[in-house]
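These notes concern the structure reproduced below.
Note that the coordinates shown come from a computational prediction; the quantities given were computed from them, not determined experimentally. Chain letters run A, B, ... following the sequence lines, proteins first and then strands; every chain starts at 1.
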Amino acid sequence: MSRYDPAQIEPKWQKAWDEAGCFTAWRDPARPKYYVLEMFPYPSGRIHIGHVRNYTMGDVVARYKSSCGYSVLHPMGWDAFGMPAENAAMERGGHPKDWTYGNIAQMRDQMKPLGLSIDWSREFATCDPEYYGQQQSMFIDFMEKGLVYRKNAVVNWDPVDMTVLANEQVIDGKGWRSGAEVERRELTQWFFRISDFSGELLDAIDGLKDWPEKVRLMQANWIGKSRGLQFAFSTVDAPEGFDRLEVYTTRPDTLMGASFAAISPDHPLAKHLERHDKKIAEFVAECRRIGTSEEALEKAEKKGLDTGIRVRHPFDEAWELPVYIANFILMDYGTGAIFGCPAHDQRDFDFATKYGLPIPPVFVAEGAEEAALTEAYVPMKSERVRYVRGFAGDDVQTGEAAVDAAIAFCEGKGVGRGVTNYRLRDWGVSRQRYWGCPIPVVHCETCGVVAEKKENLPVELPYDVSFDQPGNPLDRHPTWRDCACPKCGAPAKRETDTMDTFVDSSWYFARFTAPHAKTPTVAEDAEYWMNVDQYIGGIEHAILHLLYSRFFARAMHICGHLPKKAIEPFNALFTQGMVTHEIYQTRDANGRPVYHLPEHVYRLNLYGEDVAVLRPDNFDAMTDEEAVEFASDPANRIEIIPSAKMSKSKKNVVDPMDIIARYGADTARWFVMSDSPPERDVEWTAAGAEAAQKHLNRVWTLCDRIAALPEGKPGTGDEDLARAMHRAVNDVTQMIEGFAFNKAIAKLYEFANAVQKSDASKQVQRQAIMVLAQLMSPMTPHLAEDIWAHQGGEGLIAQAPWPKADPAMLVDDTVTLPIQINGKRRAEISVPKDMAASEVEKIVLADEAVIRALNGGAPKKLIVVPGRIVNVVI
RNA sequence: GCCCGAGUGGCGGAAUGGUAGACGCAGCGGAUUCAAAAUCCGCCGCCGCAAGGCGUGCGAGUUCGAGUCUCGCCUCGGGCACCA
């Protein structure tokens, strides 16, 4: 009798696949292609269970499609630039490059034992000069096509560390290391013109049929198309050059409810005023301390300052409105100036209340009378309301109709024009950091901003940098910065900004089609492999990464790097849920949170209370009683924060390597695919691994037992087992196609139970176990190969064609119909599948439970849903 | 604050508007064993001896029939443009 020993069989079959070249992708004109891609990982150093879940899902699809006869491309790479490498260098010394490549090597070593069907010959990291050099080349192409430009933009500035901070590094308005109040500072930065594509990116969402509806909605909302009126107020008492104030509104129908005008602290008028007015300067400075994130701005207390300037209402010269500077107005949206209508906007209402401004209603609910408001009245735009201060359209109309009428009216009067606006802003790609793709540009005193010559690419990052001072090491590098102007040859300075890491991840999927080419892509490879047929990744990337990639694909097409068909690069998208874990927290002397890894925490249930303590050094030497006693002391307790997305910064990560070492990869794979639906978050618990292991053992034992049956052994129930087999093939296939892996696994449990209980002939049992192995092979490929070989299967299961269900074996002759009385199930009957409804009715009315319920009377109604259910209404 | 999503037994979860709880975990009972592990068989939403009643976050509604559809809430999670 053989034993299931993953430690022995897993390396064996991985070697067999390698030797057979099972996973090397090649252009095969004879077969349809299938490109399956999981979002590539950031090389943090260790894979976590979320990676295992993500890559196993992709692997199931890749292996399944390969069995179905497709020529499959399933590559892997590394999203390798970014802040953590620099943070590590600052905290622990060392170099970001060494840290990153060291991490990649470790993670590759951790991933390989999973037995993923990856074409490792295509692997690359975005920090490879071979990759980012091509990215620089495309940056230059984008410059030539006018897709790139420079403008001023604000960043978070830490005045103590003298460095730019990411939003993540700003905590409650303070720098994460220095604790200093963060300021906003303007820098000249590089931008991609994604907003030129707003309309197209929005319209094309309709074509993304195989994307989750919620992602399409989120993208549409992010792009944020709005129709409104842009017009200018004429100003009173404004400085020279500011005799007009342009505002944009999506509710021009509320113009008669205007109560004030407000401008962003970054508005040119505000900037002008702060130079001459101390109070304004102080207020604007206060606004700038809020930070740059939209979340911070929206959550901050709404404040404003009256500038003393007035504007004239466009319909009434005598009607003047005060102009405030307000901290919640975004310079990037519309014109950076608004008029406030407090009656119909809660934020404006709060503002008007705070500063004692009038709140005139423009419309009231249909049938209601005008009355003083205690909160803003904001009905749906599609709702009909009665206008009491309307000026265009009907008295009673929907908001939509009123907006259209108001725009038409204003255009007719020469007050502004209807415009379509988008919320989407241009993509700022400049980062004042070392560990990123250098922007391949040179600043020359005579020629200005000049693109580097392509033959000089890649502009490689210098290795000799130090992280002992804050700020960008490229800025203070002694020689790297100095260069010759590509145009005139005079001494010039390199751009020291590097690119946002989102740029790196916006085209890697295209690069995988020709990963080592001397151009960004190769036409025939892109033509054959694009698009990605199935993209799989976290829901947290639903907006930015996917939107940037959609833009990038268009830009690459414009520059001739992708075919037209690839401008929407991902045919189907699946967003997997996240693996969550609870968080363990203590606080340092300054009250700032400190997080702890689960492996350093002893977690137990103490008299019904969930308790966590940090494991003391001598924890392993403690007896259970001592450990409980230690945990009982409230002084040792640490805080448990409810389960959240696993993140390195919160340290709530678990190590899948332990599971692989202990149970083998197939168990880990089986486990992460079972139970939770793949699109849903799953909280990590260790309990299920044992169960998965047990089941795989059971399947192996079953295989062994069947192999040991005497040849030609007759049996009973051949037909039943054959039917169960065809049913399993049909169901599991459907469920894999539909990304319902947890349900596929439930079916596989059922089928395994059926095989185990069967006393069919050896021939049928053998067929059943081999089909079971095939159906399991996408999830547990090693075990499946071993069963296949044990039963004398031909070749590798990885290369065997996917089994097909015989439709004739799927139909049952009789069905069980539940009988409901007034919608509650009361009985059931078994009838031939095709029995006429009238026949069914007769049987139902003769049923004992029905007769009892009717109590001699006749039913009000009798509903027969053929093949499903019967409902008797009394 | 704004946008998006999710809530079903002790737990993870099944359920084209049609038998709520498939499948698994945990638990309970039994077989095997000197004993244990492993394995196998059975039970397993709640209340109730039973008949029966109640049950899908809360409150309404549509329907012969609602976990599923509509409206209003509550709670939790994701994103918010420099985290990746």
Side-chain angles (χ1 to χ4, degrees), chain A residues 39 41-42 44 79 81-84 153 155-156 164-170 189 194 212-215 217-222 224 292-300 302 328 332 346-347 423-433 500-502 504-505 538-545 547-548 575 577-578 580 642-645 647-649 674-677 679-683 685 687-688 690-692 694-695 697-698 701 740 742-743 745-750 753 756 816-820 822-828 859-863 865 867-874:
Chain A
M39 292 180 185
Y42 178 78
S44 60
D79 189 14
F81 276 133
M83 293 199 310
V155 294
N156 300 303
V164 176
L165 297 179
N167 283 338
E168 183 192 54
Q169 299 171 313
V170 180
Q189 306 199 57
I194 189 172
E213 185 54 37
K214 67 169 167 179
V215 174
L217 237 178
M218 283 160 88
Q219 294 234 335
N221 287 338
W222 186 259
T292 59
S293 81
E294 191 169 315
E295 185 191 1
L297 292 173
E298 292 274 359
K299 275 192 183 159
K302 309 293 175 283
F328 55 87
D332 295 305
Q346 191 58 43
R347 196 170 55 183
R423 208 182 74 96
L424 182 65
R425 313 201 290 255
D426 276 335
W427 173 12
V429 297
S430 284
R431 297 293 180 273
Q432 295 70 42
R433 302 195 175 275
D500 178 7
T501 55
F502 272 123
D504 311 334
S505 56
I539 183 69
E540 69 273 24
H541 295 293
I543 296 174
L544 292 178
H545 162 62
L547 192 61
Y548 290 153
T575 53
M578 287 173 301
T580 63
S643 229
K645 170 187 176 181
S647 94
K648 235 181 154 252
S649 62
S674 60
D675 289 348
S676 268
E679 68 278 11
R680 197 123 107 190
D681 287 357
V682 58
E683 175 166 15
T685 63
E690 291 277 353
K694 274 186 199 172
H695 181 71
N697 243 315
R698 197 156 66 100
T701 309
N742 57 322
K743 286 190 256 171
I745 284 181
K747 287 288 167 196
L748 287 166
Y749 269 106
E750 259 176 68
N753 290 341
Q756 186 165 23
T816 305
L817 287 186
I819 301 176
Q820 292 184 331
N822 288 339
K824 299 251 183 218
R825 182 183 171 280
R826 285 294 182 263
E828 64 179 34
K860 269 194 202 144
K861 212 171 181 182
L862 189 57
I863 293 143
V865 184
R868 301 294 308 188
I869 204 165
V870 180
N871 193 9
V872 186
V873 184
I874 295 171

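- Using a 4.0 Å heavy-atom distance criterion, A/F328 is classed as making no nucleic acid contact.
- Contact between A/T575 and A/K214 at its shortest, heavy atoms only, is OG1-CE, 4.3 Å.
- Dashed line: the shortest gap from a side-chain N or O of A/R347 to OP1 or OP2 of B/G1 is not under 4.0 Å.
- As a whole-Å value, the separation of A/I745 CD1 from B/A14 C1' is 14 Å.
- Taking only side-chain atoms of A/A691, from C-beta outward, the nucleotide of B/C25, B/A84, B/C4 with the closest atom is B/C25.
- When distances run from any side-chain atom of A/A746 to the nucleotides B/C64, B/C83, B/A22, the shortest one goes to B/A22.
- Atom pair A/K860:NZ and B/U63:P shows a separation of 14 Å (rounding to whole Å applied).
- A sub-4.0 Å separation between OP1 or OP2 of B/G13 and a side-chain N or O of A/S676 is present.
- Checked for salt-bridge contact, A/E294 and A/R423 meet the test: a charged N lies under 4.0 Å from a carboxylate O.
- Of the P atoms belonging to B/A66 and B/U19, the separation is 12 Å, rounded to the nearest Å.
- At the heavy-atom level, A/L817 lies nowhere under 4.0 Å from the strands shown.
- The residue A/K302 sits apart from the nucleic acid: no heavy atom pair falls under 4.0 Å.
- For A/D79, the listed nucleotide lying nearest its side chain is B/A84; candidates were B/A84, B/C4, B/A81.
- For the pair A/Y749 OH and B/C23 P, the interatomic distance rounds to 12 Å; values are reported in whole Å.
- For B/A14 and B/G57, the P atoms lie 14 Å apart once the distance is rounded to whole Å.
- Rounded to whole Å, the separation between the P atoms of B/G61 and B/G45 comes to 31 Å.
- At least one side-chain nitrogen or oxygen of A/R826 sits closer than 4.0 Å to the OP1 or OP2 atom of B/G53.
- Contacts of A/V873 with the nucleic acid, taken as non-hydrogen atoms under 4.0 Å apart, involve only primed sugar atoms and P, OP1 or OP2.
- You won't find any donor-acceptor pair under 3.5 Å spanning the side chain of A/Q169 and the base of B/C82, going by distance alone.
- Regarding the sugar-base torsion, B/G9 falls in the syn class, its angle being within 90° of 0.
- Distance A/L547 CG to B/C4 C1': 15 Å, rounded to the nearest Å.
- The separation of B/A20 from B/C83, taken at their P atoms, amounts to 50 Å, rounded to a whole angstrom.
- The CH2 atom of A/W427 sits 10 Å away from the P atom of B/C82 (whole-angstrom rounding).
- Within the 4.0 Å cut-off from OP1 or OP2 of B/G24, at least one side-chain nitrogen or oxygen of A/N753 is found.
- Counting only distance, with no hydrogens or angles, the side chain of A/D426 and the backbone of A/I194 share a donor-acceptor pair below 3.5 Å.
- Rounding to the nearest 0.5 Å places CG of A/N871 at 9.5 Å from NZ of A/K861.
- With P as the reference atom, B/A15 and B/A6 are 14 Å apart, rounded to whole Å.
- Side chain of A/R431 to backbone of A/G82: no donor-acceptor contact under 3.5 angstrom is found.
- Rounded to whole Å, the separation between the P atoms of B/G12 and B/C4 comes to 27 Å.
- In this structure, of B/C83, B/C80, B/A20, it is B/C83 that holds the atom nearest to the side chain of A/E168.
- Across the protein-nucleic acid pair, A/E540 atom CD and B/A84 atom P stand 13 Å apart, rounded to whole Å.
- For the OP1/OP2 pair of B/G65 and a distance below 4.0 Å, the side-chain nitrogens and oxygens of A/K861 include no atom meeting the criterion.
- Separating the C1' atom of B/C3 from that of B/C44 is a span of 43 Å, rounded to the nearest Å.
- One finds no side-chain N or O of A/N742 lying less than 4.0 angstrom from the OP1 or OP2 phosphate oxygen of B/G12.
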query = Which nucleotides of nucleotides 39-46 of chain B have their base under 4.0 Å from a protein heavy atom (B), which only their sugar-phosphate (S), and which neither (-), written as one string 5' to 3'?
reply = SSS-----
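- Between the side chain of A/Q189 and the base of B/C82, at least one donor-acceptor pair of N or O atoms lies under 3.5 Å.
- Contact record, A/T501 with A/F81: CG2-O, 3.3 Å, taken as the closest heavy-atom pair.
- Both A/E679 and A/E750 sit near RNA chain B, but only A/E679 has its closest nucleotide nearer the 5' end.
- Note: CG (A/L297) to P (B/G79) measures 19 Å, nearest angstrom.
- Looking at heavy-atom distances under 4.0 Å, A/P677 makes contact with sugar-phosphate atoms alone, never a base.
- One finds no side-chain N or O of A/N871 lying less than 4.0 angstrom from the OP1 or OP2 phosphate oxygen of B/G65.
- Heavy atoms of A/Q432 sit under 4.0 angstrom from at least one base atom.
- In this structure a side-chain-to-backbone donor-acceptor pair under 3.5 Å is missing from A/E298 to A/F328.
- Closest to the side chain of A/R680, from the set B/G79, B/A6, B/C82, is B/A6.
- When all heavy atoms of A/P859 and A/V872 are compared, the pair lying nearest together is CB-CG1, 3.8 Å.
- Contact annotation for A/S674: no contact, since no heavy-atom pair falls under 4.0 Å across all strands.
- Shown here are the side-chain hydrogen bond (donor to acceptor under 3.5 Å, both in side chains) partners of A/R425, two or more places apart in sequence or in another chain: there are none.
- Comparing B/C83, B/G18, B/C4 by their closest approach to the side chain of A/N167 singles out B/C83.
- Without hydrogens or angle criteria, A/K299 side chain to A/L297 main chain gives no donor-acceptor distance under 3.5 Å.
- Here the closest non-hydrogen pair linking A/V164 and A/Q169 is O-OE1, 4.2 Å.
- Following rounding to the nearest Å, A/R431 (CZ) and B/A81 (P) show an atom-to-atom distance of 11 Å.
- Taking every side-chain heavy atom of A/D675 into account, B/G12 is the closest of B/A22, B/G12, B/A84.
- Residue-level contact check: A/S505 touches neither bases nor backbone, having no heavy atom under 4.0 Å from any strand.
- At the heavy-atom level, A/G428 lies under 4.0 Å from the strands shown only through sugar-phosphate atoms.
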inquiry  = Taking Watson-Crick (N1-N3 plus N6-O4 or O6-N4) and G-U wobble (N1-O2, O6-N3), each under 3.5 Å, can you produce the dot-bracket string of RNA chain B? Use [ ] for crossing pairs and | for inter-strand ones.
reply    = (((((((..(((.....[....))).(((((.......))))).(((....)))..(((((..]....))))))))))))....
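- Checking B/A14, B/G7, B/G5 against the side-chain heavy atoms of A/L217 singles out B/G5 as nearest.
- Within the nucleic acid shown, A/H545 has no heavy atom closer than 4.0 Å to any nucleic acid atom.
- With B/C64, B/G1, B/A20 as the candidates, the nucleotide lying closest to the side chain of A/E295 is B/G1.
- Comparing A/K214 and A/V429, the nucleotide of RNA chain B nearest to each residue sits closer to the 5' end for A/K214.
- Distance check on atom C1': B/G67 versus B/U8 gives 7 Å, rounded to whole Å.
- Considering only the side chain of A/E294, B/C80 comes nearest among B/U8, B/A20, B/C80.
- For the pair A/N156 (side chain) and A/L165 (backbone), a donor-acceptor distance under 3.5 Å is present.
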